[in-house]
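Below: the structure, in C-alpha cells.
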Amino acid sequence: MIEFSRFELANGLRVVVHEDNSTPMIAVNILYNVGARDESPDKTGFAHLFEHLMFGGSANIPNFDEPIQLAGGDNNAFTNNDITNFYNVLPAENIETAFWLESDRMFSLNFSKESLETQRKVVLEEFKETCLNQPYGDVWHHISDMAYKVHPYRWPTIGKIPKHVEDATLADVKTFFYKYYRPNNAILVVSGNTTTDKVKVLAEKWFGQIPKGTIPEKNIPQEPTQQELAYKVHAAKVPIDSLYLAFHISGRADKDYYATDLLSDVLSNGASARLYRRLLKEQKLFNHIDAYITGNIDPGLLIIEGKPAEGVTLEEGKVAIWKELEELKKDLIPEQELLKYKNKVESALVFSEISILNKAMNLAFFELLGDINLINTEKEIYQKVTVEDIQHLAQTIFVKENCSELHYLAEKESAIA
C-alpha cells in the first residue's frame with residue numbers, strides 16, 4: 001500500500017506527497033497537463049519543443065542543470081501525446097534546490113531569441129536523426145495519419161513536419177507557455193524522505209505566488225469509429241520489409257484498458273507468448289514480431305508489428321497473424337495462460353514501486369486521470385480480468401474495419417538507382 005496526502009494551493013497547483021523514510025533521497029516530479037494533442041494542426045511539435053526550452057534557462061536561473069548537479073542530483077523530462085513531465089532526484093536535504101528550479105521556470109522562462117534558436121536546432125536535429133535518417137523512423141507518422149482522421153493523435157509527439165518548429169516565433173512560444181505551463185495546469189509530486197508538513201511550507205514558499213493562468217478547455221475532437229480497413233504501402237531505404245497492423249482500443253481510464261493490456265501480453269509478452277512462440281519459433285515466419293498498446297489517455301492503438309523471415313512475404317505473414325487473432329476470437333484462452341500474464345503484470349507493478357521516482361510519476365499520472373488511488377488498486381483490477389473478457393475484446397478489436405495496415409517496404413537497389 002502506497003500512502004500519500006494531497007493538498008492544493010490557492011493558485012490551483014495540486015500537490016501530492018508520499019513519505020518514505022527508508023531512502024535518503026527525494027524525487028520532485030512536476031506534470032503539466034499538455035502534450036501533442038493540445039497543439040494546433042499547423043503548429044505541431046510545440047510540446048516537445050517546450051520540453052527542451054524548459055532547460056534553456058529561466059528568469060533567475062541561466063543554467064538549469066548546474067544547480068541540480070551541484071546538489072548531488074539529476075534531472076530529465078519527457079513529452080508524449082498527453083503530458084509533459086519533468087523530474088528531479090536528489091539527496092533529501094537538498095530538496096529546496098528542486099523547488100527553486102521548478103518554480104522559477106514555471107514562473108517565467110528565459111524567452112530569448114538565442115534560447116529559442118538553440119533549442120530549435122536541437123529539436124530539428126532530433127527530428128532528422130530519429131525520423132528521417134533512422135530506418136523505420138517515420139513509421140509513426142504513417143500509422144498515426146492512417147488511424148486518426150480528426151483527433152490530434154494523427155501526428156506524433158515530435159511533430160508532423162519540421163517546418164512547424166522551424167517557423168515557430170518568439171510570440172508563438174510565449175503564447176503556448178502562458179496557456180499551458182501554469183500552476184493550475186500542473187501536478188507536483190514529492191516522493192521520498194520528507195514530510196507533508198515540510199512540503200506544504202516549501203510549496204507555498206516557492207509556488208504560492210505564481211499567478212494561475214486561463215487554461216483553455218480541452219475541446220479535443222472525438223475520433224469517429226473506423227468503418228473500413230485503412231491500407232498503405234510505403235517504401236524507403238530500410239534493411240527489410242516490415243508489417244504493421246494498428247487497431248483502435250479504449251482510452252487509459254476506460255475499464256477495458258486492463259484487459260486490452262493483458263490481451264497484448266498474450267500475443268507478445270515473452271518467449272512463450274502466442275505470436276512469438278508460434279510464428280517466430282515454431283513456424284519461422286518472422287525474424288521479429290511484437291504487440292503492444294499505446295496507453296494514451298484518449299482511445300489509443302494496439303499495434304502488431306513484424307519483420308518476416310527471408311523468403312516470407314508480408315501477405316503470408318499477415319495471413320498467419322490473422323489466423324492467431326481469429327483463434328483468440330473463437331476460443332477461450334486457458335485460465336493458466338491468463339494467470340501467467342496477470343502475475344507478470346503484478347511483478348512489474350511491485351518492482352516499479354521500489355523506485356521513489358516511479359512512484360512520483362505514477363502518482364502524478366493517476367491524479368491527472370482522476371483516480372490517484374489506482375496506484376494501489378491496479379493490481380486488483382488486472383487480477384479481475386477473465387478469459388471471457390479477453391475473448392470479448394479480441395472479437396471487438398480484431399476486425400478488418402478497425403485495422404490500419406501498413407506495408408513498409410525496403411527499396412530495391414534498382415529503384416534507388
Side-chain angles (χ1 to χ4, degrees), residues 36 41 44-45 81 127-164 223-249 264 267-268 275-276 278-280 283-294 296 299-326 397-417:
T44 65
N81 291 108
F127 196 112
K128 292 175 186 175
E129 183 179 336
T130 61
C131 298
L132 303 181
N133 298 333
Q134 183 173 301
Y136 316 102
D138 61 347
V139 69
W140 273 105
H141 284 82
H142 298 291
I143 291 175
S144 302
D145 186 59
M146 293 171 68
Y148 294 99
K149 300 306 177 186
V150 300
H151 193 285
Y153 287 165
R154 66 185 185 272
W155 58 82
T157 304
I158 202 164
K160 189 186 296 183
I161 54 174
K163 184 171 172 55
H164 291 170
E223 186 66 26
T225 302
Q226 188 172 327
Q227 299 295 331
E228 61 182 9
L229 174 72
Y231 177 78
K232 183 175 184 179
V233 177
H234 175 73
K237 294 179 182 178
V238 294
I240 57 175
D241 297 347
S242 191
L243 172 68
Y244 298 86
L245 303 176
F247 300 89
H248 289 277
I249 59 172
S264 70
L267 288 170
S268 184
L275 294 183
Y276 186 91
R278 296 178 180 178
L279 304 189
L280 190 148
Q283 300 179 45
K284 302 189 185 322
L285 295 173
F286 286 88
N287 289 322
H288 166 82
I289 194 160
D290 196 10
Y292 51 91
I293 58 175
T294 56
N296 298 125
L301 299 172
L302 186 155
I303 310 289
I304 299 174
E305 63 174 72
K307 293 177 173 58
E310 187 175 354
V312 179
T313 67
L314 292 184
E315 282 295 329
E316 290 169 335
K318 180 183 73 172
V319 168
I321 289 173
W322 272 104
K323 183 179 179 183
E324 296 298 327
L325 301 183
E326 292 297 333
I397 294 168
F398 299 135
V399 293
K400 296 286 175 65
E401 295 80 11
N402 189 43
C403 181
S404 296
E405 179 180 332
L406 173 63
H407 289 209
Y408 202 119
L409 305 182
E411 286 183 344
K412 308 304 179 190
E413 288 188 16
S414 57
I416 298 171

Shortest non-hydrogen separation from [X] to [Y] and the atoms involved:
X: T157; Y: N81; answer: OG1-N, 3.4 Å
X: D290; Y: S268; answer: OD1-OG, 3.0 Å
X: N402; Y: I397; answer: ND2-O, 3.0 Å
X: P156; Y: A36; answer: O-CB, 4.5 Å
X: L302; Y: I249; answer: CB-CG2, 3.8 Å
X: G159; Y: H141; answer: O-NE2, 2.9 Å

Anything under 3.5 Å between a donor and an acceptor, one on a side chain of residues 144-151, the other on a protein residue two or more places apart or in another chain? List them.
unit_1: S144; atom_1: OG; unit_2: W140; atom_2: O; d: 2.7
unit_1: Y148; atom_1: OH; unit_2: P299; atom_2: O; d: 2.9
unit_1: K149; atom_1: NZ; unit_2: D145; atom_2: O; d: 3.1
unit_1: K149; atom_1: NZ; unit_2: M146; atom_2: O; d: 3.4
unit_1: H151; atom_1: ND1; unit_2: Y153; atom_2: N; d: 2.9
unit_1: H151; atom_1: NE2; unit_2: D298; atom_2: OD2; d: 2.8

Within the structure provided, determine whether [X] and [Y] are in side-chain contact (heavy-atom separation under 4.5 Å).
X: L314; Y: P308; value: yes
X: P239; Y: K307; value: no
X: I321; Y: L243; value: yes
X: E326; Y: F398; value: no
X: L132; Y: F127; value: yes
X: E305; Y: V139; value: no

Could you tell me the separation between the [atom1] atom of [X] and the [atom2] atom of [Y], rounded to the nearest 0.5 Å?
X: E401; Y: Q226; atom1: CD; atom2: CD; result: 9.0 Å
X: C403; Y: E228; atom1: SG; atom2: CD; result: 12.5 Å
X: Y244; Y: H142; atom1: OH; atom2: NE2; result: 10.0 Å
X: I143; Y: L245; atom1: CD1; atom2: CG; result: 9.0 Å
X: L280; Y: L285; atom1: CG; atom2: CG; result: 9.0 Å
X: C131; Y: I161; atom1: SG; atom2: CD1; result: 12.5 Å

Quiz prompt | Check against side chain to side chain contact (heavy atoms under 4.5 Å, CB included), L325 and L267 | solution = CA-CA 9 Å; L325 301 183; L267 288 170; 3.9 Å; yes
Quiz prompt | E315/K318 ion pair, N-O < 4.0 Å | solution =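 K318 and E315: salt-bridged.
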Quiz item: Is it true that atom CD of Q283 has more than 12 heavy atoms of other residues, nucleotides or ligands lying nearer than 6.0 Å?
Solution: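 Result for CD/Q283: enclosed.
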Quiz item: Counting only heavy atoms not in K323, do more than 12 fall under 6.0 Å of its NZ?
Solution: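 Not buried by this count: 12 neighbours or fewer within 6.0 Å.
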Exercise. Please work out whether the ring planes of W322 and F247 are parallel, tilted or perpendicular, with thresholds of 30° and 60°.
Key: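 Ring orientation, 0 to 90° scale: perpendicular.
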Practice problem: In sequence, state the C-alpha distance, the side-chain angles, and the governing distance for H248 and L301, and then conclude on side chain to side chain contact (heavy atoms under 4.5 Å, CB included). | Solution: CA-CA 5 Å; H248 289 277; L301 299 172; 3.9 Å; yes
Exercise. From the options R154, K163, H164, K160, select the one residue that forms a side-chain hydrogen bond (donor to acceptor under 3.5 Å, both in side chains) with T44.
Key: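 Looking at R154, K163, H164, K160, the match for T44 under the side-chain hydrogen bond (donor to acceptor under 3.5 Å, both in side chains) is H164.
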Self-check item: Sequence-distant partners of R278, side chain to side chain donor-acceptor pair (under 3.5 Å), two or more places apart
Solution: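 With neighbours one apart ignored, the set is E324, E327.
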